[in-house]
Protein chains: 2
Amino acid sequence: MRPDAVRGHLDGLILAVLEDGPRHGYAIIEALQTRSGGALDLPTGTVYPALRRLERAALLSGTWSTVAGRERRTYTLTRSGRHALAGQRAEWNEFSAVVDAVLRPAAGRPAGGLS
Amino acid sequence: MRPDAVRGHLDGLILAVLEDGPRHGYAIIEALQTRSGGALDLPTGTVYPALRRLERAALLSGTWSTVAGRERRTYTLTRSGRHALAGQRAEWNEFSAVVDAVLRPAAGRPAGGLS
DNA sequence: ATACATATGTAGGCACTCTACTTATAGCTT
DNA sequence: AAGCTATAAGTAGAGTGCCTACATATGTAT
């Protein structure tokens, strides 16, 4: 998968991972890898700024802690974050249906548009 | 659907429309609307530059003509364009499977990642 | 005459992800 | 002891690509 592909959908992916419970950035990156079967290997330079952005937008709240001598910032979904996640899921469903419909070869598209 | 959503997937959508046969820019925009059931209403400032970009990349070839007093640039899929379309379809299938897998709520994800 | 549909395009802005780099601790290997 | 890898968080700067807004022109309908 080309590196840029998640553009515009990263927020939803992060929110979805955090739905299972609070996690820190590094763990979020690993969860994204696991859940995607290894296809998603996002660089820290992508994820950490995204987390700060989501926190600024009040979709996440973050708190510092020290675990085994290492600084961690643990993020938790806020109520608006949960709401935003629902919205992202709805948007994704619509979007993927649209792209499926347009991308489908002529043979499979009987002059009807979206089914 | 938010305006920006097609980012990174527009090339594939245009290529797919052109698979049915040559079309000019304005007709491509209309075809995109029709095939998407009205969800895709792309501004000319998005589509025309994309067409020029795809032509520069030799995925399309364009020719001028005059129809009913109006200038048209008609675009045709090249051989590499057809090849690129196949690649875009494959990429889309992988990408949408990945996003589906990550976005799916915990209840539907039995600790397995991609099915 | 005025408006709308058809048709193509440019300029500038903006948001988001990427690459590359920096900093720091813990644990393991050589 | 030195070096490497994993863990952990970040910044700086670049590039891409879609958007808004604007400019231009012809044909058709009101």
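Here is how names work: the chains are called A, B, and so on, in the same order as the sequence lines, proteins then strands, and each is numbered from 1. Just so we're clear, the structure is a prediction, and the values are computed from it rather than from any experiment.
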With DNA chain C as reference, determine whether A/Arg2 or B/Ile29 sits nearer its 5' end, using the nearest nucleotide of each.
-> B/Ile29

With sequence neighbours excluded, tell me which residues meet salt bridge (Lys or Arg N to Asp or Glu O under 4.0 Å) with A/Arg70.
-> none

Using the test salt bridge (Lys or Arg N to Asp or Glu O under 4.0 Å), find all partners of B/Arg73 that sit at least two apart in sequence or belong to another chain.
-> B/Glu55

Salt bridge check: are A/Glu19 and A/Arg89 linked by an N-O gap of less than 4.0 Å?
-> yes

For B/Gly25, report the nucleic acid contact type (base, sugar-phosphate, nothing); a contact means any heavy atom under 4.0 Å.
-> sugar-phosphate

Would a 4.5 Å heavy-atom cut-off, applied to side chains only, mark B/Val67 and B/His24 as touching?
-> no

Set of salt bridge (Lys or Arg N to Asp or Glu O under 4.0 Å) partners for B/Asp4, sequence neighbours left out | B/Arg7

What integer distance in Å separates A/Tyr75:OH from D/dA8:P?
-> 14 Å

Do A/Val98 and B/Leu13 come close enough that some side-chain heavy atom pair is under 4.5 Å?
-> no

Tell me what A/Pro3 touches on the nucleic acid: a base, only sugar-phosphate, or nothing, going by heavy atoms under 4.0 Å.
-> sugar-phosphate

Please tell me which of the listed nucleotides, D/dG15, D/dG10, D/dA8, lies nearest to the side chain of A/His24?
-> D/dA8

Please figure out whether B/Arg7 or A/Ala5 has its closest DNA chain C nucleotide nearer the 5' end.
-> B/Arg7

Results of ring pair (Phe, Tyr, Trp, His ring centres under 6.0 Å) for B/His9 - residues two or more places apart only = A/Phe95, B/Trp92, B/Phe95

Which of residues 52-71 of chain A have a heavy atom under 4.0 Å from DNA chain D?
-> A/Arg52, A/Trp64, A/Arg70, A/Glu71

Which is the 5'-most and which the 3'-most nucleotide of DNA chain C that has an atom under 4.0 Å from a heavy atom of chain A?
-> C/dC16 to C/dA26

Can a salt bridge be assigned to the pair B/Asp20 and B/Arg35 using a cut-off of 4.0 Å between side-chain N and carboxylate O?
-> yes

Roughly, in whole Å, what's the span from CZ in A/Arg72 to P in D/dA6?
-> 17 Å

Within 6.0 Å of CZ in B/Arg79, more than 12 heavy atoms from elsewhere = no

Using whole Å, report how far CG of B/Leu42 lies from C1' of D/dC18.
-> 9 Å

